[in-house]
Amino acid sequence: MKLLFIFLSAAVVNNFVLSYFLGICPFLGVSRKISSALGMGAAVTFVMSLTVVSTWTIYHKVLIPFELQYLQYVVFILVIASLVQIVEMFVKKSYPALYRALGIYLPLITTNCAILGLALFMVLKEYSFIESVVFAVGAGGGFTLALLIMSGIREDLDLADVPGPLKGAGIALIIAGLLALSFMGFSGLISI
Amino acid sequence: MQNNNLNQEFKKGFIAQNPVLVQLLGLCPALAVTTTALNALTMGLAVIFVLTLSSVIVSVLRKLIPYQVRIAAFTIIIATFVTIADLFLKANLPELSKSLGPYVPLIVVNCIILGRCEAFASKNSFVRTFFDSLGMGLGFTFALLVLGSLREILSTGAIFSINLFGSGFEPMLVMILPAGAFLGLGVMVAVMNLIVRKK
């Protein structure tokens, strides 16, 4: 039951994009088309799951026993950067079709704050291994959901008559604000 | 000539190339920590510290860092300064550090810093880099402070916890919520667009 709560909380109630503001850059940058939003969402969810598996292991099995917690930021970002690189090489060699679909999004993920944010929240909330993995999948799902909704709206927005200064980023941010308001409807759904 | 040049490097971060409002970089902290003016100011100062020191170091080392591993090298330099800033805040201002939460360590992946290292510091002397990153840092802090003050005034009727309007003020709760951050920043970006376009 607790696992389900963690999943729902990460996916909708405390949506990474709309209430923690993590991953705003791809949210505004890649959300122009539904297809690229799906690709980015899938790539992020995939890397997120791998990230928690490796950072959880390193944090609890290496950093804590050796009392090296103060190195966590340096270690986490290095792990994430090399992980993304390895995933990219592996997918390119073994699954060329998948690579063509996700390829361009993978390098962008290293600087996606949602990934590092996930690792930091995992430490802050003191999740166990299984809980961390569920948390990662939920967060990735929530990110994909927000990106999908946004891209659907923006595809229609191309035809709308937006006032000059608001064009582009301005209106995108205001739409995000309205989305965040509607996601508030989920709060109180579960408490954790 | 030389002085003019430095002056220009310094000034462009404020309006013409403001990192948050024009380049739309570093939006994550800009939205997350601007619930009060004080949080926004602290975040701004932390970013100035990390940005200036890491880009100066990158600029000094720019001939020693091999091109292929430059991003990794930049990231480690940035992460080191972020750790320093985070430990400093935790030790000296524990309350403030708690309210900023994970957003101080998240400076590591702030695209402004990596962007300035890659686009400017790795190609310019450290004097010019210093002025460039100081200007960008101040521009970032300025944007955060305006958004933070706006949100704090509208949501509590106070700024830096000093009450402005007395008890008759009806607080606008939405501004302290995530939605308020998006709406406030959206309006600020639009206003900035108007100003830049007029010029």
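These values consider heavy atoms only, across backbone and side chains, with no hydrogens, waters or symmetry-generated copies. Chain A is the first sequence line, chain B the second, and so forth, proteins listed ahead of strands; every chain is numbered from 1.
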Taking everything shown except [X] itself, do over 12 heavy atoms lie less than 6.0 Å from its [atom1]?
| X | atom1 | answer |
| --- | --- | --- |
| F90(A) | CZ | no |
| Y95(A) | OH | no |
| F10(B) | CZ | yes |
| L3(A) | CG | yes |
| F88(B) | CZ | no |
| K125(A) | NZ | yes |
| F126(B) | CZ | no |
| F142(B) | CZ | no |

- Query: From L22(A) CG over to L31(B) CG, what is the distance, rounded to the nearest 0.5 angstrom?
  - Reply: 10.5 Å
If you count heavy-atom pairs under 4.5 Å with chain A, which of [options] comes out on top?
| options | value |
| --- | --- |
| L27(B), L106(B), V187(B), V189(B) | L106(B) |
| G101(B), G26(B), P102(B), G184(B) | P102(B) |
| G180(B), A72(B), A179(B) | A179(B) |

With the 4.5 Å side-chain cut-off for hydrophobic clustering, are [X] and [Y] part of the same group?
| X | Y | answer |
| --- | --- | --- |
| L64(B) | I76(B) | no |
| V87(A) | M89(A) | no |
| L63(A) | V74(A) | no |
| F120(B) | L114(B) | no |
| L124(A) | L68(A) | yes |

- Most heavy-atom pairs under 4.5 angstrom with chain B, which of G117(A), P163(A), G177(A), A180(A)? G177(A)
- Query: Hey, mind stepping through L181(A) and F182(B) against side chain to side chain contact (heavy atoms under 4.5 Å, CB included) and telling me if it holds?
  - Reply: CA-CA 10 Å; L181(A) 262 186; F182(B) 283 116; over 6 Å; no
- Passes side chain to side chain contact (heavy atoms under 4.5 Å, CB included), L28(A) versus L24(B)? Steps please. CA-CA 9 Å; L28(A) 295 177; L24(B) 300 172; 5.5 Å; no
- Report the C-alpha separation of Y73(A) and I107(B) in whole Å, then their side-chain angles, then the decisive distance to 0.1 Å, and conclude whether the side chain to side chain contact (heavy atoms under 4.5 Å, CB included) test is met. CA-CA 10 Å; Y73(A) 309 147; I107(B) 297 177; over 6 Å; no
Using non-hydrogen atoms and a 4.5 Å limit, figure out which bit of [X] sits close to chain A: side chain, backbone, both or neither.
| X | answer |
| --- | --- |
| A32(B) | both |
| V191(B) | neither |
| L177(B) | side chain |
| A181(B) | side chain |

Given heavy-atom pairs under 4.5 angstrom as the criterion, report whether the side chain, backbone, both or neither of [X] touches chain B.
| X | answer |
| --- | --- |
| L173(A) | both |
| Y20(A) | both |
| L78(A) | side chain |
| L116(A) | both |
| L71(A) | neither |
| V123(A) | neither |

If every non-hydrogen atom of [X] is compared with every non-hydrogen atom of [Y], which pair is closest and at what distance?
| X | Y | result |
| --- | --- | --- |
| C113(A) | V109(B) | CB-CG2, 3.5 Å |
| G186(B) | L166(A) | O-CD2, 4.3 Å |
| P165(A) | N193(B) | O-ND2, 2.8 Å |

- Does a side-chain heavy-atom distance below 4.5 Å link I77(A) with I78(B)?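 No; the side chains remain at least 4.5 Å from each other.
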